[in-house]
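For reference, positions follow the sequence shown, starting with 1.
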Amino acid sequence: MNPQDPWLERIKAVTLPALLPQTSLPGPSAPLMDWIKVVSEDPLLAMLIFRYANRMMSNRQVLVRTLEHAVALIGSQRLIKLTESIPRLDPGSTAFSGLQSTVGDSLVAASLMRQWFEMRQIPWTEADYWMTLFYDVGLWALWLLEPQMMDGFEFRAERGENRNKLIEGMIGMSVRDWNDELCRHFQLPAIPETNTNEENEHIENRIQPHKLSALKFFLPFSHELAYQVRQNWESEQLDTLFRTGEIALGLTEFRPMLKTWITSAARDYQLPQAATAARRLLAHQPPVSTQGAAQREGFSEADRAWAEEISQTYATPHTRKEAPEKPSPQPAAAKQPAKHTRPEADNKASGETTYRHSVNLNSLREVRRQFRNQKTWHSPVEIQESALFCLQQSLGLHRIVVMEQTKGQWQAFDHEGCDHYLLLKHLKLPITGSSALQEFSRRVTAAWLRKDNRAKARKQLPDALFKAADDQDFFLRSFTIGREVTMMIYADAKGDPEPLGESDYRLFREFCADWNTALNRIRQ
């Protein structure tokens, strides 16, 4: 690329803004970590911080690749002044709308990369995050330079044209060359072709060959996947990416897993203004047909309703000191779990176990893996929302009640799928007089109440529980935080044509064990 190229000259003349409004900044006396959090979730703001830090290190020929390193060089006071002084984009402008979506693609791509690296047990670092995030910085710049043209390209891409070809026709070079030139200009962390001599001398800075090859493959793959999902969940391009993902990750079903990963991606970012585009990826998918085999494809109506609720919740500005709002109860029609038309099997040494059609093993394994990862979650409320969603969507348990001990009884305080079942929704079970509930209250206990043990169980459990269950088989499980039993779960599969079995009970116990572990770790 010619250094005097007019496009590079134009971007040099632009004063780069930030996406987050001034109202999202913490107070001057706030801890430094609050300011770092703001920078980490506004990629445009982070670009300027990295550029400033790397200019300070230009004489040493060392590239700053982490925000921690950048902040250490700049200093806290200078970081705060820089963050406050940078202009903000007009939220009503075409550039802001386009940047929000394009930056959202990059945020989702970075989250996907992290999850895939963890699946393959490849170390994931902060430097990897920034390399992934800045991979499409050229697109961000074009939204600042030519917002109307880019908006037109998006419109044409939605109707089947190739966005990259449209952009390349405008700028006269490949998108990748343009992006690489901007990374050099702004001195941003970018994926290296090979390790430098300095990095090879210091093993902690050297990227291992297997990791370097994984970065080179998954970087373009994750960004293209995030973009195509936003465009059209049913496109041929996305089907091709699904097949590539199945081969690369060794999965038999990439599509249902991707929904779980994107759900996790939408929760990775806590600042609403920076994460809106990522959170809305789920809600922007086209309606799902309820006819025939179409039920297997795309997002279910329950997925869409849940995602739309998240989008609306986090689109409302709030200060960073407030706790995230808990989503309001969903309409009953949106509470039904997604239908899966094919059973999935778990091969074990003793033979093959067949699961109900509504059980999604891939999705279940991914959520359980995240429960075991202490860095995945931000709050107990977030863990509980994910757990209830997974119980319905992955385990096919339709009615779920979460109870806590209050004044000598187990009392419901949260539920899923119970809007039309008032006895379950407002369940209260006195502990006194019930030997079984006393046992649940003392230690972690699980039980499967079914037809063949119901008569015996009625002698040990309150009648109110069986009246609320309405002759359904159900699971119970208590949870401990530290040494105290604080919570109990009721779950059944009312409305499912297939009855609960031994495999369901085993999966329920294993899932609850990981859920309990996540709750304890986040309180440490």
Side-chain angles (χ1 to χ4, degrees), residues 326-330 332 335 337 371 379-450 453-454 457-494 500 504-505 507-520 522-523:
K326 185 176 180 180
S328 58
Q330 300 172 3
K335 293 282 187 171
F371 277 158
S379 70
V381 171
E382 185 184 32
I383 292 174
Q384 181 161 308
E385 289 173 357
S386 299
L388 298 185
F389 182 79
C390 185
L391 284 174
Q392 284 197 319
Q393 301 296 329
S394 303
L395 273 170
L397 299 173
H398 299 178
R399 302 190 303 179
I400 305 156
V401 179
V402 185
M403 294 171 277
E404 62 182 351
Q405 288 196 60
T406 304
K407 298 179 180 179
Q409 63 183 357
W410 283 107
Q411 181 172 333
F413 73 91
D414 199 3
H415 62 86
E416 288 290 337
C418 300
D419 286 347
H420 295 296
Y421 303 97
L422 297 182
L423 291 178
L424 275 179
K425 185 177 179 180
H426 303 292
L427 191 61
K428 293 182 180 180
L429 305 174
I431 298 174
T432 304
S434 170
S435 58
L437 287 185
Q438 290 173 10
E439 185 68 14
F440 276 95
S441 304
R442 281 195 296 266
R443 63 185 181 88
V444 171
T445 309
W448 173 20
L449 284 302
R450 53 194 186 276
N453 66 7
R454 194 171 296 162
R458 282 184 181 276
K459 300 177 182 179
Q460 303 176 32
L461 290 165
D463 289 339
L465 177 60
F466 293 97
K467 288 180 181 179
D470 193 23
D471 292 328
Q472 295 294 309
D473 294 353
F474 59 88
F475 300 145
L476 292 174
R477 207 271 194 182
S478 55
F479 288 66
T480 60
I481 302 300
R483 297 182 179 180
E484 299 294 327
V485 176
T486 61
M487 186 170 77
M488 185 164 69
I489 301 297
Y490 166 100
D492 67 33
K494 184 177 178 62
L500 295 173
D504 296 292
Y505 185 41
L507 291 176
F508 173 76
R509 296 197 315 271
E510 292 172 351
F511 177 80
C512 287
D514 289 332
W515 178 4
N516 203 158
T517 297
L519 288 173
N520 275 291
I522 204 166
R523 284 174 166 83

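Within the 4.5 Å cutoff, no side-chain heavy atoms of Val401 are placed close to those of Ile489. Looking at Gln392 and Leu397, their side chains never come closer than 4.5 Å, going by heavy atoms from C-beta outward. At least one side-chain heavy atom of Phe466 sits under 4.5 Å from a side-chain heavy atom of Arg458. Between Asp492 and Ile400 the shortest side-chain heavy-atom distance does not fall below 4.5 Å. Residues Met487 and Phe413 meet the side-chain proximity criterion, which asks for heavy atoms closer than 4.5 Å.
When all heavy atoms of His398 and Lys494 are compared, the pair lying nearest together is ND1-O, 2.7 Å. Taking both residues in full, the closest heavy atoms of Pro430 and Pro462 are given as O-CG, 4.0 Å, listed atom of the first, atom of the second, then distance. In terms of heavy atoms, Phe440 sits closest to Ala447 at CZ-CB, 3.8 Å. Ala464 and Leu427 make their closest contact through O-CD1, 4.1 Å (heavy atoms, listed as atom of the first residue, atom of the second, distance).
Asn516 CG to Phe511 CZ: the interatomic distance, rounded to the nearest 0.5 Å, is 11.5 Å. One finds the OH atom of Tyr421 at 8.0 Å from the CD atom of Gln472 (value rounded to the nearest 0.5 Å). Rounded to the nearest 0.5 angstrom, Gln393 CD and Glu416 CD are separated by 9.5 Å.
Screening residues 422-442 for salt bridge (Lys or Arg N to Asp or Glu O under 4.0 Å), with sequence neighbours left out, gives Glu439-Arg442, Glu439-Arg443.
A search for side chain to side chain contact (heavy atoms under 4.5 Å, CB included) contacts involving Gln405 returns Trp410, Ile431, Ser441, Val485, not counting sequence neighbours. Partners of Arg450 under the side chain to side chain donor-acceptor pair (under 3.5 Å) rule, at least two apart in sequence or in another chain, are Asp452. Taking the side chain to side chain donor-acceptor pair (under 3.5 Å) definition, one finds that Gln460 meets it with nothing, sequence neighbours left out. In terms of the salt bridge (Lys or Arg N to Asp or Glu O under 4.0 Å) criterion, Glu404 has no residue partners (sequence neighbours excluded). Checked against side chain to side chain contact (heavy atoms under 4.5 Å, CB included), Arg483 has no partners two or more places apart in sequence or in another chain.
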For Gln384 and Asp414: C-alpha separation, side-chain torsions, deciding distance, then whether side-chain contact (heavy atoms from CB on, under 4.5 Å) applies.
CA-CA 10 Å; Gln384 181 161 308; Asp414 199 3; 2.8 Å; yes
Please assess Gln409 against Leu429 for the test side-chain contact (heavy atoms from CB on, under 4.5 Å), listing each intermediate value before the final yes or no.
CA-CA 5 Å; Gln409 63 183 357; Leu429 305 174; 5.8 Å; no
Asp473 vs Leu449, test: side-chain contact (heavy atoms from CB on, under 4.5 Å). Steps then yes/no.
CA-CA 6 Å; Asp473 294 353; Leu449 284 302; over 6 Å; no
Evaluation steps, side-chain contact (heavy atoms from CB on, under 4.5 Å), between Leu519 and Ile383:
CA-CA 7 Å; Leu519 288 173; Ile383 292 174; 3.9 Å; yes
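The cationic group of Arg477 does not satisfy the cation-pi geometry with Phe508, failing either the under 6.0 Å distance to the six-membered ring centre or the 45° limit from the ring axis.
Ring pair Phe479/Trp515: centre-to-centre distance below 6.0 Å. Two rings, from Phe475 and Tyr490, have their centers 6.0 Å or more apart.
For the side-chain contact (heavy atoms from CB on, under 4.5 Å) test with Leu437, the passing option among Thr445, Thr432, Leu461 is Leu461; the others fail.
Asn520 places a side-chain N or O within 3.5 Å of a backbone atom of Thr480 that can act as its donor or acceptor partner.
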